Amino acid sequence: MTCEAVILAAGLGTRMKSARPKVLHTLGGKPLLGWVIEAVTESLGRAPWIVVGPEADEVRAAVGEGGRFVVQEERLGTGHAVLQAAGEFGEGVERILVASADMPLISADTMRRLRETQENHDGPFTLLTVESETARGFGRVVRDTEGNILEIVEAAHASPDQLAIRELNVGAYCFDAEWLWAHLPELPLSPKGEYYLTDLVAAAAAEGRSAAAVSVEDPIEAIGINTRAHLAQAETALRARVNRRWMEAGVTMLDPETTYIGLEVEIGPDTEILPNTILEGRTQIGEGCVIGPNTVVHDSEIGDRCQIQASVLEGATLEAEVLIGPFAHLRPGAHLERGVHMGNFGEVKNSRLKRGVRMGHFSYIGDATIGEAVNIGAGTITCNYDGEQKHHTDIEAGAFIGSDTMLVAPVRIGRRARTGAGAVVTKDVPDHAVAVGVPARVIRKLKPEDE
Ligand code: UD1
Ligand code: CA
C-alpha cells in the first residue's frame with residue numbers, strides 16, 4: 001500500500017520577477033515549498049522527493065537536512081519534471097502523489113483524501129479540482145455528458161467554450177505508479193514545447209479509462225502562486241482563516257483585516273486585539289489582555305491582563321498586569337514582572353524590572369536589574385556602554401531615581417536611595433542615601449521620617 005510523493009519545484013517562477021526562487025517566497029512567514037512539504041509529509045507519513053532546477057542551491061539549503069532532491073536539467077514541463085523522479089522508486093511503490101510547490105494552501109487532509117480516493121478506485125489516477133468563478137489561468141477540466149473526465153485543457157490552448165468551464169485543475173494528483181511510469185514517457189509535446197502532466201488525462205480517456213476527481217474543501221486551498229498579487233491574495237485568505245480561528249477561540253478583534261497573527265502565536269481568551277497589530281514568531285499572550293492599536297510583538301511572552309498600546313516588543317517577557325506604552329520599545333531580554341508600568345518613549349533591553357516598577361517617560365534601561373517598586377524618573381538613562389564593553393546597573397528596591405538621572409554603569413543605587421534631578425551617578429549610592437549633582441555626591445542619609 002505504499003505511496004510516495006513528488007513535489008514539483010523546478011519552475012523558474014518568472015512571473016514573480018524576483019531574484020529569489022519562487023518557492024522560497026514566504027506565506028505566513030513560511031516558504032511556499034515548506035507548506036507543501038509539511039502537508040505532504042503529514043498526509044503520507046514520509047518525506048517527499050523534490051524536483052528542483054539545476055541551480056537550486058538556495059532551495060536545497062532552505063529545505064535543509066533530510067531533503068530528497070531530483071534535478072530536472074531542462075525545464076520541459078510538469079510531465080517531464082515528474083519523469084525525472086522515476087528512477088527513485090522501487091517495485092513496492094504502488095502510488096505516487098504529485099503536488100506543486102506553488103500551491104501552498106492545500107491541506108494535509110485534502111492530500112489524504114486524494115490518496116484515499118485513488119486507493120479505493122481502479123482508475124489510473126485521481127486529481128484535485130475546484131469550482132471557481134476566478135479561473136486565474138488554471139487548466140479547465142473537460143467532461144463528457146456522462147461526467148467522465150476527458151481532458152484538461154490549459155488556459156493558453158482553450159477555446160472560448162472551454163474557457164467558460166468553472167471546474168479547474170488545482171494541480172495535485174495521486175497516480176497508480178505503474179500506469180504513471182508507463183505513460184509519462186509517451187506524453188506528446190505541447191504547442192509550447194513542454195510535456196504537460198495534465199495531458200495524462202487525455203491519455204487515460206484514450207484507453208477508455210477515466211481519472212477520478214476530488215474537490216478541495218476550502219476554496220483558499222486552490223490559491224496558487226504565480227505572481228506577487230497571488231501571494232498577497234493568499235496572505236489575505238490565510239490571515240482571514242487564522243483570525244477566524246482565534247475569534248472562535250474567544251479572542252476579540254476590532255478589525256480582523258488589519259490584525260496579523262503568525263502561525264505559531266498563541267492567545268488566551270478574552271484578549272482584545274486592536275487594529276494594525278502584528279503578532280509574530282513564538283509569541284504567547286495570556287487572557288484578558290488589550291494589545292494595540294499599532295503594536296508589533298515578536299517572539300515575546302505576555303501574561304494575563306496586560307495592556308500594550310502602540311509599542312514594539314521583541315524577545316520580551318511580561319508577567320501579568322503589565323501596562324506598556326504608548327510608544328515603548330522592549331528588546332530581547334526585557335523582563336517586566338507583575339504590575340510594572342512603562343509609559344511613553346521608553347526602551348528596555350536585557351533588564352529585569354521587578355514587581356511594581358514605574359517608568360513613565362523617556363527612559364532607557366539596558367543591562368540592569370531594577371528592584372521592586374522603584375520609580376524611574378522621566379529621562380533616566382543607564383549609560384551601559386563605555387565604547388568597548390557593556391556594564392550592569394543595579395537599582396535596589398524602593399529607590400527613587402530623579403528625572404534626567406544618568407547612571408554610569410557599572411553602578412549600584414542602594415535600597416530606598418534617591419537621586420536628584422539631573423544627577424550623573426558615577427559611584428555607588430548607599431542604601432537610604434540622597435545623591436545629587438554632576439558628578440553626583442551623597443548629600444545626606446534619609447531619616448526614617450523622610451521615607
Ligand atoms: C499547472 C497545470 C494547470 C493547473 C495549475 C494549477 C500543467 C501543464 N498545468 O499550470 O493545469 O491548473 O498548475 O496550479 O501542469 N515545474 C517544474 N518543471 C517544469 C515546469 C514546472 O518543476 O519544467 C513546477 C513548477 O515549479 C510549479 C509546478 O511545476 O511548482 C507547476 O508549474 P507552473 O508552470 O506553475 O504550471 P501552471 O501554469 O500554474
Ligand atoms: Ca503554477
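All figures in this text were calculated on a predicted structure; none of them were measured in a lab. The first residue of the sequence shown is numbered 1, and numbering continues consecutively from there. Every number for a ligand or one of its atoms is a count from 1 in the order of the listing.
Under 3.5 Å, the side chains of E301 and T283 contain no donor-acceptor pair of N or O atoms. Inspection of the Y173 and N169 side chains reveals an N or O donor paired with an N or O acceptor under 3.5 Å. Counted by atom type alone, T126 and Q118 present one or more donor-acceptor pairs between their side chains at under 3.5 Å. For the residue pair H80 / Q72, a side-chain donor-acceptor distance below 3.5 Å is found, with atom types taken as modelled. When only modelled atom types and interatomic distance are considered, K390 and N350 share no side-chain donor-acceptor pair under 3.5 Å. Side-chain polar atoms of H391 and D386 form a donor-acceptor pair below 3.5 angstrom.
For atom 13 (O) of ligand 1, the nearest protein heavy atom lies 4.0 Å away or farther. Contact annotation for atom 7 (C) of ligand 1: protein present (non-hydrogen atoms, distance under 4.0 Å). Using a 4.0 Å threshold on non-hydrogen atoms, atom 36 (O) of ligand 1 does not count as touching the protein.
How far CD1 of I291 is from OG1 of T277: 8.0 Å, rounded to the nearest 0.5 Å.
Ligand 1 has no nitrogen or oxygen under 3.5 angstrom from a nitrogen or oxygen of Y173. The shortest N/O to N/O separation between A10 and ligand 1 falls below 3.5 Å. Taking any N or O of T78, backbone or side chain, at least one lies under 3.5 Å from an N or O belonging to ligand 1. Annotation: G77 places an N or O atom under 3.5 Å from an N or O atom of ligand 1; distance criterion only. At a 3.5 angstrom cut-off on N or O pairs, Y196 does not count as close to ligand 1. For a threshold of 3.5 Å applied to N or O pairs, the pair formed by G171 and ligand 1 contains no separation below that value. For ligand 1, the polar-atom distance check finds an N/O of D102 within less than 3.5 Å of one of the ligand's N/O atoms. Residue G11 has at least one nitrogen or oxygen atom sitting less than 3.5 Å from a nitrogen or oxygen atom of ligand 1, judged on distance alone.
The ligand atoms of ligand 1 that sit less than 4.0 angstrom from a heavy atom of T198 are 7 (C), 8 (C), 9 (N), 11 (O), 15 (O). Within ligand 1, counting atoms from 1 as listed, the ones closer than 4.0 Å to a heavy atom of A101 are 30 (O). For ligand 1 and S100, the ligand atoms under 4.0 Å from any heavy atom of the residue are 28 (C), 30 (O), 31 (C). Within ligand 1, counting atoms from 1 as listed, the ones closer than 4.0 Å to a heavy atom of G139 are 3 (C), 4 (C), 11 (O), 12 (O). The atoms of ligand 1 that sit less than 4.0 Å from any heavy atom of V170 are 6 (C), 14 (O). Atoms of ligand 1 lying under 4.0 Å from any heavy atom of Q72, numbered from 1 in the order shown and given with element: 17 (C), 18 (N), 19 (C), 22 (O), 23 (O). Atoms of ligand 1 lying under 4.0 Å from at least one heavy atom of N226, given by number and element, are 35 (O), 39 (O).
Between W179 and F125, the ring-plane angle classifies as tilted under the 30° and 60° cut-offs.
Closer than 3.0 Å to the Ca ion (ligand 2) sit the protein N, O or S atoms D102 OD2, N226 OD1.
In terms of protein heavy-atom proximity, atom 24 (C) of ligand 1 is closest to L8 CB, 3.6 Å. In this structure, atom 38 (O) of ligand 1 lies nearest to the protein heavy atom R15 NH2, 4.0 Å.
For the residue pair A5 and L44, the shortest heavy atom distance occurs at CB-CD1, 3.5 Å. Between L336 and M342, the shortest heavy-atom distance links the atoms CD2-SD, 4.2 Å. Contact record, R140 with L168: CD-CD2, 3.5 Å, taken as the closest heavy-atom pair. Across all their heavy atoms, R166 and S132 have their closest contact at CD-O, 2.8 Å.
A search for side chain to side chain contact (heavy atoms under 4.5 Å, CB included) contacts involving R112 returns E42, S43, A108, D109, R115, E116, not counting sequence neighbours. Under the rule for a side chain to side chain donor-acceptor pair (under 3.5 Å), the partners of H392 that lie at least two apart in sequence or sit in another chain are T369. Under the rule for a side chain to side chain contact (heavy atoms under 4.5 Å, CB included), the partners of A368 that lie at least two apart in sequence or sit in another chain are S351, I365, I370, T382, T393.
Residue contacts with ligand 1 include L76, since one or more of its heavy atoms lies under 4.0 Å from the ligand. Taking 4.0 Å as the cut-off, A81 counts as a neighbour of ligand 1 on heavy-atom distance. At least one heavy atom of M103 sits less than 4.0 Å from an atom of ligand 1.
For the pair R60 and F69, the distance from NZ or CZ to the six-membered ring centre is under 6.0 Å and the angle to the ring normal is within 45 degrees.
Exactly one residue among E314, K349, E347 makes a side-chain hydrogen bond (donor to acceptor under 3.5 Å, both in side chains) with H329. That residue is E314. Partner of E4 under the side-chain contact (heavy atoms from CB on, under 4.5 Å) criterion, chosen from R95, E94, R46, E88: R46.
By the criterion of a heavy-atom distance under 4.0 Å, neither the backbone nor the side chain of E194 is placed next to ligand 1.
Nearest residue to atom 5 (C) of ligand 1 from I50, I7, N169, L12 is N169 (criterion: closest heavy atom). The heavy atom nearest to atom 3 (C) of ligand 1, considering only H157, E154, H230, is found in E154.
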Show your working on salt bridge (Lys or Arg N to Asp or Glu O under 4.0 Å) between R355 and E372 and close with a plain yes or no.
-> CA-CA 5 Å; R355 275 179 172 237; E372 280 187 23; 5.3 Å; no
